[in-house]
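Protein chains get the first letters and strands the later ones, always in sequence-line order, with residue 1 at the start of each.
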Amino acid sequence: MTTHPGRIATTPRRRGVGPRIAAGLGHALGLPTLLLVAWGLAATRATNRFLPGPAAILDAFVDTWVGPAFVEDVLPSLYRLGLGVAASIVLGVAAGAVIGLTPWLRELLEPLLEFLRAVPPPVLIPVVMLLLGITDTMKVVVIASGAVWPILLNTVEGVRATDSVMTETARSFRVSRWQRLRFLVLPAASPRIMTGVRQALSVALILMVISEMFASSAGLGYRIAYFQRNYLIAEMWSGILLLGGVGVLLAVAFGLVERRVLRWYHGIREVHRA
Amino acid sequence: MSVRTTRAARPLRRGLLGVAGLAGFLAGWQLVPALGLVDPQYLPYVTDVLARLSEQLVDLAFWRRLGATMTSWAIGLSVATCAAVVLGTVVGLAPPLRRATHTTVEFLRPVPSVALIPLAVLMFGIQRQAALVIIVYASFWQVFVQVIYGVADVDAVARDTARSFGLTRRERLTHLVLPTALPYLMTGLRLAAAVALILAVTAEMVIGNPGLGRMIELSRSAGDAVGLYALVVVTGLLGLTVNLVFRFVERRALSWHQSVRGEETG
Amino acid sequence: GCTDSDASAPSEQTSGDLRKVRVAALPITETAALWGGIKAGLFAERGLQVEVLPAQGGAQAIPALLNGDIDFAIGQPFGAFRADLSNLGVVIIGNYASSYADGDDINAVVASAKSGIRRPADLAGRRVSVNSLGAAGDVTIMAAVERDGGDPSKIKFVEVAFPDAPAQLAAGNIDAAWVPEPFVTQLRSRGDTFVVAPYQAVVPGLTTLTTITTADRTEKDAKLVEDFSAAMKRTLEWAGDPANETAVRQAIKDNLQLPPPVADSVRLPAFGWQVDRSSLQRLAELAQKYQVLDRQPDLDRLVRQR
Amino acid sequence: MPDRTLLRVEHLRKVYESTTGGVEAIGDVSFTMAAGELVCVVGPSGCGKTTLLKCLAGLLRPTGGVVEMDGAPVTGPSPAMAVVFQEYGRSLYPWLTVRGNVELPLRHKKLSRAQRRRLVDDALDAVGLAHAAPSHPWQLSGGMQQRVAIARAVAYQPEVLIMDEPFAAVDAQTRADLEDLVRELHASRRMSIVFVTHDIDESVYLGQRVIVLSSSPTRVQEDLAIDLPPERDQIGTRALPRFTHLRTHVYGEIQRARRGRAIAPRPAP
Amino acid sequence: MPDRTLLRVEHLRKVYESTTGGVEAIGDVSFTMAAGELVCVVGPSGCGKTTLLKCLAGLLRPTGGVVEMDGAPVTGPSPAMAVVFQEYGRSLYPWLTVRGNVELPLRHKKLSRAQRRRLVDDALDAVGLAHAAPSHPWQLSGGMQQRVAIARAVAYQPEVLIMDEPFAAVDAQTRADLEDLVRELHASRRMSIVFVTHDIDESVYLGQRVIVLSSSPTRVQEDLAIDLPPERDQIGTRALPRFTHLRTHVYGEIQRARRGRAIAPRPAP
Ligand SMILES: Nc1ncnc2c1ncn2[C@@H]1O[C@H](COP(=O)(O)OP(=O)(O)OP(=O)(O)O)[C@@H](O)[C@H]1O
Ligand SMILES: Nc1ncnc2c1ncn2[C@@H]1O[C@H](COP(=O)(O)OP(=O)(O)OP(=O)(O)O)[C@@H](O)[C@H]1O
Ligand SMILES: [Mg+2]
Ligand SMILES: [Mg+2]
């Protein structure tokens with residue numbers, strides 16, 4: 001039969017790189033700048049010891065974090081954070097896919113998982129500490145034990161929601177178990193999984209702090225707790241500022257990954273009335 | 001015919017399997033001290049813990065504290081959910097707003113709630129409101145992120161359909177956007193429910209207002225491991241109960257959704 | 001049938017003429033004096049109706065103090081030092097509890113049997129747990145080690161909550177732990193080594209808990225501070241009287257739900273209202289020496305005892 | 001014949017932009033349509049019929065050219081218009097029952113409950129699905145789903161009805177019934193209808209005009225007035241020699257549209 | 001004619017269970033099919049054709065009766081079988097390109113990279129979509145998507161091919177081409193094919209047998225051998241008087257199948 005020749009591919013109108021970066025920065029920094037200014041103004045009017053102005057915090061930030069503290073406290077924390085996040089992604093997606101695909105397994109494990117999920121980490125930490133000692137592994141385990149839940153839950157739900165026609169297609173063509181996972185189940189669940197990962201990132205940061213509030217003598221979380229206990233309020237806020245900054249950086253990195261992984265997904269939506 | 005029995009048997013089977021899972025876990029726990037992996041003084045036997053728990057269950061004071069914790073939990077979760085659904089929908093539906101708030105949101109989300117406790121105490125004193133601030137702050141983000149993603153998940157054809165029939169903004173919201181986001185919202189709710197519970201307990205531990213958390217802290221400082229773990233089991237059971245309720249709601253609200261109906265016919 | 005363990009708790013006296021006072025205190029055995037004093041009606045005598053709020057240390061109590069949510073707080077002197085260094089306007093209006101100048105002290109460093117640690121100098125290079133870094137515990141331990149000829153800068157301090165310390169010690173995660181009673185007795189009875197009672201060794205009779213409020217309140221509401229001080233003084237005398245020990249221990253059981261054998265055996269500190277300025281001074285000097293504080297608090301401003 | 005111009009499409013061009021480059025779905029299409037007309041659109045697969053409909057409905061913004069409705073440029077979906085989508089399965093909401101799906105667009109019309117109910121019942125009856133009202137769409141067969149989508153558009157009582165291969169999934173007899181339903185809607189309610197189909201006989205039987213699109217670049221290959229009598233019936237009309245003549249003509253045009261493209265292939269992007 | 005029995009369906013019954021009660025999709029269907037046969041299935045919309053195919057393919061478990069393939073009961077999908085689904089849009093994976101979609105089922109066949117590539121290219125070529133290989137399914141028109149689904153089944157080179165209204169969304173000319181493609185696969189590769197369609201002419205043109213299903217309860221209304229010469233072509237065969245006779249017969253049977261339903265309407269579940 002006749003072949004269909006391709007359609008015209010017009011090169012898309014590309015805005016210059018400069019304006020695009022400027023627009024991106026505007027979006028990224030516009031609201032934060034606005035809030036910062038508002039906060040600064042508010043701080044000059046009413047001073048509160050526990051809510052210092054941005055200027056004071058910025059001072060404290062430079063004093064506290066610029067220098068060796070960064071290497072001693074921040075980098076090890078970030079390293080543990082990275083390990084914890086990686087562990088929870090691997091664990092959450094793997095376990096989530098298996099649990100989502102196997103109804104009896106889900107029925108077996110769901111109550112248990114819900115049970116474990118509700119146990120507050122501060123009571124859990126001493127037990128983990130007993131089993132693993134006061135080591136980095138302990139902290140990584142604590143981070144992963146909290147961050148895994150959003151990924152796990154979202155993966156399970158995403159896997160369960162795989163379109164029935166797509167599943168039947170794979171079954172009818174006898175696509176093997178592994179390939180079904182790789183080419184159907186995981187991509188179909190990927191929008192949900194990415195939602196879970198996004199949530200897990202911030203949960204992991206929070207747990208990084210909490211894990212360092214116990215049995216620690218260094219780390220970003222330890223510092224924040226220390227400042228807080230010692231009424232070094234500006235320093236404490238500078239630590240939180242740093243935490244927020246790490247959060248933003250993680251989100252940016254995550255955004256890049258997401259854009260790659262979910263290209264098809266955003267592609268479907270892209271067409272509509274730009 | 002067999003229709004009835006199978007339909008009745010399914011929840012039963014589900015329940016039995018779930019109980020089996022829990023029982024397996026408890027047996028594993030019992031083994032840890034029994035095998036000498038950990039001194040029973042620090043990780044007590046399950047049997048002791050359950051015995052203590054059953055003592056607690058007939059103590060009115062225990063129920064009063066449980067009530068206090070659950071009240072904080074319920075108020076905190078409701079406030080957080082309402083706020084997150086409204087804001088998440090608004091932000092999720094307006095891409096410019098989403099871009100503009102992105103950095104701020106990502107900045108605020110990882111702020112650990114425990115670090116906010118002094119601020120909360122400063123604002124509200126050593127009272128329930130201080131705990132509520134913490135609970136709401138932490139659980140808000142769980143729902144918020146899910147809602148943002150869920151709202152964006154509307155099928156292109158389904159949206160065109162709504163637009164072509166001239167559905168008003170409100171109708172589109174209630175009949176298209178929210179049903180699409182509902183599965184996401186349910187997941188967010190389940191995540192938030194656990195987080196809210198954890199923070200209700202943690203806030204009581206740290207701030208010291210009455211409730212389960214304070215009991216945990218008391219048992220802890222008294223070195224009473226059995227009492228401590230009895231309370232930990234209680235928090236776990238609470239999480240389990242909350243999840244059962246959400247599952248039930250989900251099965252009704254999402255009966256149309258692939259994730260639920262897939263299991264009916266599969 | 002049902003029980004109600006709250007029913008035995010002291011029902012707070014309610015009377016129209018009593019002035020309501022909110023006091024934050026740690027939920028520890030030491031607070032028994034306060035609870036006992038309230039039950040004995042020592043505050044009501046002064047026209048005060050005291051509500052005790054459990055606060056987990058200064059980080060929570062001081063914000064509440066500053067915003068007027070509570071009127072007084074009982075806490076470790078380091079909390080007050082730091083608040084003073086940050087110009088938070090906090091003042092010490094009286095002592096509350098002190099360690100013992102001789103005899104068994106209320107806390108000690110205990111080393112696990114297998115660590116081989118016998119004396120303070122051995123702690124150098126080892127992992128030692130304290131409940132909170134940068135406070136009286138590590139400061140006095142460092143001083144004790146130095147006095148014994150060890151290098152205080154070599155000690156590896158780890159933060160472990162008191163209740164968790166015995167388990168961590170047994171698991172070998174730490175070599176020695178600084179713990180209060182009842183943990184000292186518990187550890188010694190299982191064969192761990194008593195190393196030193198750092199308070200007693202460094203500053204005998206060191207103040208462990210003080211009563212604080214804001215400078216603002218001492219000026220604006222002098223009457224309240226005066227009444228409260230008088231009642232506290234009376235309460236601490238009462239609690240220090242061996243005749244009242246049973247009542248104090250009963251207060252522990254009522255408020256902390258400790259198992260009775262523990263409540264009956266814990267070692268209570270020395271209660272007293274008189275601020276021991278020299279011991280505070282000494283503590284502050286040591287803190288500066290070991291770089292836990294970078295300045296010394298202004299004790300003239302901080303201590304305002306009538 | 002009605003004369004007021006309802007739709008005016010001029011030099012319409014649509015390019016789908018994507019990160020990997022653009023795809024020109026419509027090259028240059030111009031035609032007009034009077035109010036109350038029934039126009040069928042045919043053309044090879046992938047030539048841009050769906051895209052054209054979406055532009056008419058205000059669901060897609062054209063890359064170039066003008067789409068005017070009642071003299072005003074189309075900027076968004078008009079409330080007087082209803083669309084039956086080619087992807088009928090995805091255009092039904094799984095969380096609503098069949099009745100709910102059909103009723104949904106009626107909610108913002110000011111109708112009493114009883115009126116709404118009657119409209120829904122009538123529409124479901126017309127497509128032969130009265131018994132399926134309480135089911136959910138995913139409990140229906142493909143053809144039944146498609147008929148629900150048709151019922152929804154019918155119940156809406158639009159002035160302009162846009163249908164994209166609406167009978168693709170139903171059997172021959174049902175198809176004939178539905179064709180007569182469309183003609184009857186057109187005749188009795190003076191509805192303006194744009195109807196995309198792949199069935200050439202259907203386009204001739206239904207339409208007052210048949211527009212044949214060519215592909216690559218998409219243009220109007222032929223705009224044919226169907227001069228069959230306005231009263232048509234399945235057996236009589238299809239047996240007319242004129243009918244056969246017209247369908248042969250349309251068939252030839254589509255062949256040409258396809259051939260034309262095959263003769264002058266454009267290089268792949 | 002091949003004689004080995006490939007499929008044996010006996011007293012097949014399928015009830016969809018749901019919380020609101022069961023829906024009987026298939027009442028009692030029995031037939032057999034020899035290896036290498038090309039059987040067309042027709043019947044009114046909603047009569048259970050898709051359900052029947054899913055039972056044959058081992059995707060649904062029957063409520064009653066037997067489905068045997070090569071003498072063994074069907075318990076799950078067989079590797080020798082390929083299915084083209086009626087809901088073509090949803091059976092393509094949006095995260096894969098067209099090439100990826102067609103290639104996916106080939107991955108577990110032991111084929112070299114080059115062989116796989118050739119199979120995919122050939123199949124895409126056969127359905128006229130060679131140029132669309134790098135696109136994603138959602139960048140294609142409805143008809144193109146359907147052709148991708150067909151290409152996937154063709155590339156898989158199954159022994160048994162099950163197709164559910166595979167040409168519903170393509171234009172007349174493409175449809176004719178694809179019909180010839182199916183006949184040619186059947187003839188040259190001795191593929192056994194079950195083909196569901198709504199187009200009566202198509203069923204007669206393609207099939208060696210046409211099975212007409214009735215609805216409510218679903219039974220085999222008619223099992224008609226098509227005694228047209230095995231060599232068929234679009235113009236000649238369709239012009240044969242026997243062709244016209246057969247199509248009229250099938251048409252009449254479907255009418256009867258539908259009338260049966262109209263006379264005895266089933267109460268809503
Ligand atoms: N998942 C389901 N749950 C409940 N009922 C169903 C389900 N799927 C199909 N049915 C019902 O089963 C009957 C047969 O459906 P089926 O899809 O097999 O019909 P079909 O012959 O393929 O129709 P069409 O030609 O319209 O595609 C229909 O009445 C339909 O409503
Ligand atoms: N979202 C999209 N992104 C990129 N290209 C698209 C998109 N949608 C359609 N196209 C392309 O635009 C062209 C026209 O598509 P359209 O759906 O309008 O065709 P059609 O005439 O409706 O075909 P059919 O009869 O098969 O439904 C096709 O080549 C298709 O590949
Ligand atoms: Mg189309
Ligand atoms: Mg079907």
Side-chain angles (χ1 to χ4, degrees), chain A residues 1-10 12 93 97 101 103 155 158-159 161-194 257-274, chain E residues 53-54 56-60 76-97 100-101 103-109 124-139 144 147 149 152-153 155-156 158 162 173-174 176-178 180-181:
Chain A
M1 87 190 274
T2 49
T3 54
H4 293 232
R7 301 218 150 234
I8 292 176
T10 53
V93 172
L101 286 174
T155 310
V159 165
T162 310
D163 188 280
S164 57
V165 179
M166 293 188 185
T167 317
E168 283 176 352
T169 306
R171 287 182 58 204
S172 74
F173 282 104
R174 301 279 299 183
V175 175
S176 69
R177 210 164 253 284
W178 274 114
Q179 287 183 345
R180 224 186 294 172
L181 200 66
R182 160 135 191 259
F183 290 105
L184 170 63
V185 173
L186 291 183
S190 56
R192 298 289 311 252
I193 296 177
M194 291 321 259
V257 174
E258 189 197 56
R259 201 143 358 126
R260 275 205 75 80
V261 173
L262 295 187
R263 193 155 40 181
W264 61 273
Y265 184 77
H266 296 306
I268 295 176
R269 278 153 184 75
E270 170 175 84
V271 164
H272 286 265
R273 294 181 78 82
Chain E
L53 292 198
K54 286 191 181 167
L56 297 187
L59 292 169
L60 272 183
S78 138
M81 179 155 25
V83 183
V84 178
F85 289 88
Q86 183 176 15
E87 289 163 294
Y88 52 91
R90 282 167 59 198
S91 96
L92 299 176
Y93 298 163
W95 46 88
L96 297 178
T97 59
N101 268 289
E103 200 173 10
L104 179 59
L106 301 180
R107 286 174 181 268
H108 69 115
K109 294 202 166 189
L124 284 175
D125 223 31
V127 299
L129 283 179
H131 66 285
S135 304
H136 283 268
W138 36 271
Q139 295 175 315
M144 292 158 89
R147 284 182 279 153
R152 179 170 57 187
Y156 188 66
I162 294 185
Q173 182 57 47
T174 310
D177 293 346
L178 292 173
D180 289 336
L181 174 69

Heavy-atom pairs under 4.5 Å with chain A are the metric here; pick the option from E/H136, E/E87, E/M144 that has the most.
E/E87
Under the side chain to side chain contact (heavy atoms under 4.5 Å, CB included) criterion, do A/T169 and E/R152 qualify, and how do the steps go?
CA-CA 10 Å; A/T169 306; E/R152 179 170 57 187; 3.2 Å; yes
Which heavy-atom pair separates A/W264 from E/P94 by the least distance, and what is that distance?
CB-O, 3.4 Å
Work out which heavy atom in E/Y93 is nearest to a heavy atom in A/M166; give both atom names and the distance.
OH-O, 2.8 Å
Which distance, rounded to the nearest 0.5 Å, do you find between the CH2 of A/W178 and the CZ of E/R107?
15.0 Å
Can you tell which part of A/L262 gets under 4.5 Å to a heavy atom of chain E, answering side chain, backbone, both or neither?
neither
What one should report as the nearest heavy-atom pair of A/L184 and E/W95 is O-CZ2, 3.4 Å
Do E/E103 and A/F183 make a side-chain contact, defined as non-hydrogen atoms from C-beta onward lying under 4.5 Å apart?
no
Honestly, the part of E/L124 sitting under 4.5 Å from a heavy atom of chain A is neither
Is it the backbone or the side chain of E/A57 that comes under 4.5 Å from a heavy atom of chain A, or both, or neither?
neither
Non-hydrogen atoms of E/P77 and A/S172 that approach each other most closely:
CB-CA, 3.9 Å
How far apart are the closest heavy atoms of A/Q179 and E/L104, and which atoms are they?
OE1-O, 4.3 Å
Of the non-hydrogen atoms in A/V175 and E/P105, which two are nearest, and what is the gap between them?
CG2-CA, 4.3 Å
Side chain, backbone, both or neither: which part of E/T97 has an atom under 4.5 Å from a heavy atom of chain A?
neither
Any non-hydrogen side-chain atom of E/R90 less than 4.5 Å from a side-chain atom of A/S164?
yes
Part of E/A149 lying under 4.5 Å from any heavy atom of chain A
neither
